[in-house]
Amino acid sequence: MRRASEILKSIILVILAVSMLVLWTGYIYLQFDTTNESKATLQRSFWAFTDSTKAPLEITPDSSFLSPRSVSIMLSGKGYSSSYNSELTKTLYDSVAPVILEIFSSSYKCMQVEASEWNKALKEDNSILVEYSSQLPYTTIAQFLQKDENYCEGELCYVEKILLFSKESNTPVAVAVNQKGEVFSFTKISDDTSFVYDFNSNNLAAYTVNKGFIPFEFNQKTNTERHFPHLPPEYKLLEGAPNLSSVTVSNYLSDVLKKIFEEKNSTYLELVDDSALANVLDCFEINPHIAGFYSDTGTGLMFVGDNTRLTISPDGVINYSLIDGETTSIKTSAILRTARTSFASDELLAAATAFISDFSPSLIGGDASIVLKGIQYNSLSAEFTFLFGYQFNSLDIVHSDGSISISLVFNSEGITEAHIIPMNVNKTESDKNTSGEYLSADIVPSVIAPISDTSSNLEPIYIFEEYDETITPYWASEGINELK
């Protein structure tokens, strides 16, 4: 009898364990899969790999990795945009961060509404429009602003653009849009009215004198020459074409490998003492004095360490992977400088930004900024993938083959895979003024389209094929969106 009872207990425990795993996997899927049509209610205690309480970490997601494409303001019906000016965009974003944090707080509720609510909100006389580089969960945006609890209630929505304005008594409200065109409203549900914001204050109006602003109006007028029927109403109609700088793009590792394979006289010690290569080996925790080493003109360089493989292709692209796929060498705990061994999703994001920051700016970045382009979760392997891209003055910099610039994969222990295209970007002395035929700009991303073209997916980006060359903004056609 006792044996039967023990067997029954074991069966019940197994069923409970499997049920918990299924529920946990499904919850994670709802949190991070933007293609799922189901609606998820945000829970305050979302942990990726632990169900216990945790002590806060000193390292948080680096705010420099979330750079909006632009911030635009409407004052008394007149529009001013910071498009193509990253310094002005940052100044404005910092000034409205308290409003965004208030919108994402527990005093508010997020609900999907009719698409017409977006166009209705665009007609507000006084408002602020924030356009992000990619669609992200609003919780991630809040985490970059150092908010880690008390998120707003309702649906877990994804935000690509958000319009902030006020109702009675200057109480802020917001309407947001994701990449699917779904519209969400953020409305106040708490009786606490302590937070007010004057969207037409002198403080905000002072920014309009900044010469970095581009005046615009929305494509909403129906009986003037400034209205174009083939453009959606949310298009910005610019009063003039912007000046866009040329940049140079180089890859130091590519130059190192060319020298190695062309001269064929560099010793191994000279190679690993190179400052840029030494920085890469150090970041990936490869000891060049005990690691296996292989090189040829086809593969490039390969270092094999303790259960890790690091390759640098002849064109300077870095790829890192585990050999057995389980034991990680680059621990999240080491990156975040903590003794803890389990981490929430926002802490893994903090580890990703901290890891990239360890690379030399001359190897990765230069004058360019690195921005988060997406978060993916694989429920089968229980891994997060963080995608990053390069930008200069809010314009994407992409290789002509559409390669992902930076991809980092984390499991519960640390980094399992990495793909990095090193890119050192430097601004040139000259600015390029676009042709006068470009008169309209989509609000996300800041797109320029000629009025004679019916396509609504043209935008200025930097496209390059070879390193060590000067490139100018290229007005890309519709298909370029598939590159990013």
Side-chain angles (χ1 to χ4, degrees), residues 56-71 82-101 104 128 130-148 159-162 207 212 245 247 249 279 283 332 335-337 345-375 384-398 404-408 410 415 418 420-427 444-446 461-462 484:
L57 299 176
E58 292 183 3
I59 299 177
T60 57
D62 187 339
S63 60
S64 68
F65 286 81
L66 182 67
S67 177
R69 284 188 179 270
S70 68
V71 177
S82 70
S83 296
Y84 320 116
N85 187 327
S86 56
E87 182 178 356
L88 176 58
T89 297
K90 183 181 185 306
T91 299
L92 287 171
Y93 192 59
D94 290 345
S95 73
V96 301
V99 188
I100 296 175
L101 286 177
F104 293 162
I128 302 172
V130 180
E131 313 164 45
Y132 292 101
S133 298
S134 61
Q135 154 178 291
L136 294 170
Y138 73 77
T139 50
T140 299
I141 297 172
Q143 287 159 5
F144 274 109
L145 295 173
Q146 313 308 312
K147 180 180 179 61
D148 57 5
V159 174
E160 187 177 34
K161 47 193 173 185
I162 185 167
Y207 289 120
S245 302
V247 297
V249 178
N279 177 227
C283 287
T332 301
I335 298 174
L336 297 178
R337 299 195 294 273
S345 56
D346 61 310
E347 294 169 331
L348 295 179
L349 176 57
T353 59
F355 179 76
I356 295 174
S357 297
D358 283 341
F359 286 88
S360 169
S362 62
L363 187 66
I364 296 180
D367 291 337
S369 58
I370 301 173
V371 298
L372 180 66
K373 301 291 286 187
I375 302 175
F384 280 92
T385 300
F386 301 100
L387 305 175
F388 299 87
Y390 295 92
Q391 287 185 346
F392 179 77
N393 268 349
S394 303
L395 273 65
D396 288 330
I397 305 173
V398 297
I404 296 174
S405 297
I406 300 176
S407 172
L408 300 178
F410 282 77
I415 297 178
I420 299 176
I421 301 180
M423 197 181 297
N424 185 17
V425 179
N426 290 285
K427 179 184 179 299
V444 175
S446 294
I461 63 175
Y462 295 101
K484 296 176 294 180

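Numbering starts at 1 and runs along the sequence shown.
Atom CG of D367 sits about 10.0 Å away from atom OG of S245, to the nearest 0.5 Å. We find the CD1-CD1 distance between I364 and I421 to be 10.5 Å, quoted to the nearest 0.5 Å. Here the CD1-OG distance, from I370 to S64, works out to 8.0 Å after rounding to the nearest 0.5 Å. Within the model, atoms CG of L387 and OG1 of T385 stand 6.5 Å from one another, a figure rounded to the nearest 0.5 Å. Atom CG of L363 sits about 8.5 Å away from atom SG of C283, to the nearest 0.5 Å. From L92, atom CG reaches atom CG of N85 across 9.0 Å, with rounding to the nearest 0.5 Å.
By the 4.5 Å heavy-atom criterion applied to side chains, D396 and Y462 are not counted as neighbours. Looking only at side-chain heavy atoms (C-beta outward), K427 and N393 stay at 4.5 Å or farther from each other. Here the side chains of I128 and V99 are not in contact, with every heavy-atom distance at 4.5 Å or above. Put simply, the side chain of I356 does not reach to within 4.5 Å of the side chain of D62, judged on heavy atoms. Using a 4.5 Å heavy-atom threshold, the side chains of I162 and F104 count as touching. A 4.5 Å side-chain heavy-atom check between Y93 and I100 finds at least one atom pair inside the cut-off. Using a 4.5 Å cut-off on side-chain heavy atoms (C-beta onward), M423 and V249 make contact. The closest side-chain heavy-atom distance from I59 to R337 is below 4.5 Å.
Counting all heavy atoms, side chain and backbone alike, L372 lies closest to S134 at O-OG, 3.3 Å. Between A142 and L101, the shortest heavy-atom contact is O-CD2, 4.1 Å. In this structure, G389 and S405 approach most closely via the heavy-atom pair CA-CB, 4.0 Å. Taking both residues in full, the closest heavy atoms of Y390 and G365 are given as CE2-N, 3.8 Å, listed atom of the first, atom of the second, then distance. The heavy-atom pair separating L408 from A418 by the smallest distance is CD2-CB, 3.7 Å. Annotation for A351 and I335: closest pair O-CG2, 3.5 Å, computed over non-hydrogen atoms.
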Margin query: Could you go through Q391 and S133, starting from their C-alpha distance and side-chain angles, then the distance that decides it, and tell me whether this counts as side chain to side chain donor-acceptor pair (under 3.5 Å)?
Written below: CA-CA 10 Å; Q391 287 185 346; S133 298; 3.1 Å; yes

Could you go step by step and tell me if T140 and I375 meet the side chain to side chain contact (heavy atoms under 4.5 Å, CB included) rule?
CA-CA 10 Å; T140 299; I375 302 175; 3.8 Å; yes

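Listed by chain and residue number, T89 satisfy the side-chain hydrogen bond (donor to acceptor under 3.5 Å, both in side chains) test with S82 (two or more places apart in sequence, or in another chain).
When each of F65, F386, F384 is checked for a side-chain contact (heavy atoms from CB on, under 4.5 Å) with L349, only F386 meets the rule.
Atom CD of E87 has 12 or fewer heavy atoms from other residues, nucleotides or ligands within 6.0 Å.
Judged by distance alone, with hydrogens and angles left aside, the side-chain atoms of S394 form a donor-acceptor pair with the main-chain N or O of R69 at under 3.5 Å. Under the 3.5 Å distance criterion, the side-chain polar atoms of D346 are left unmatched by any main-chain donor or acceptor of Q143.
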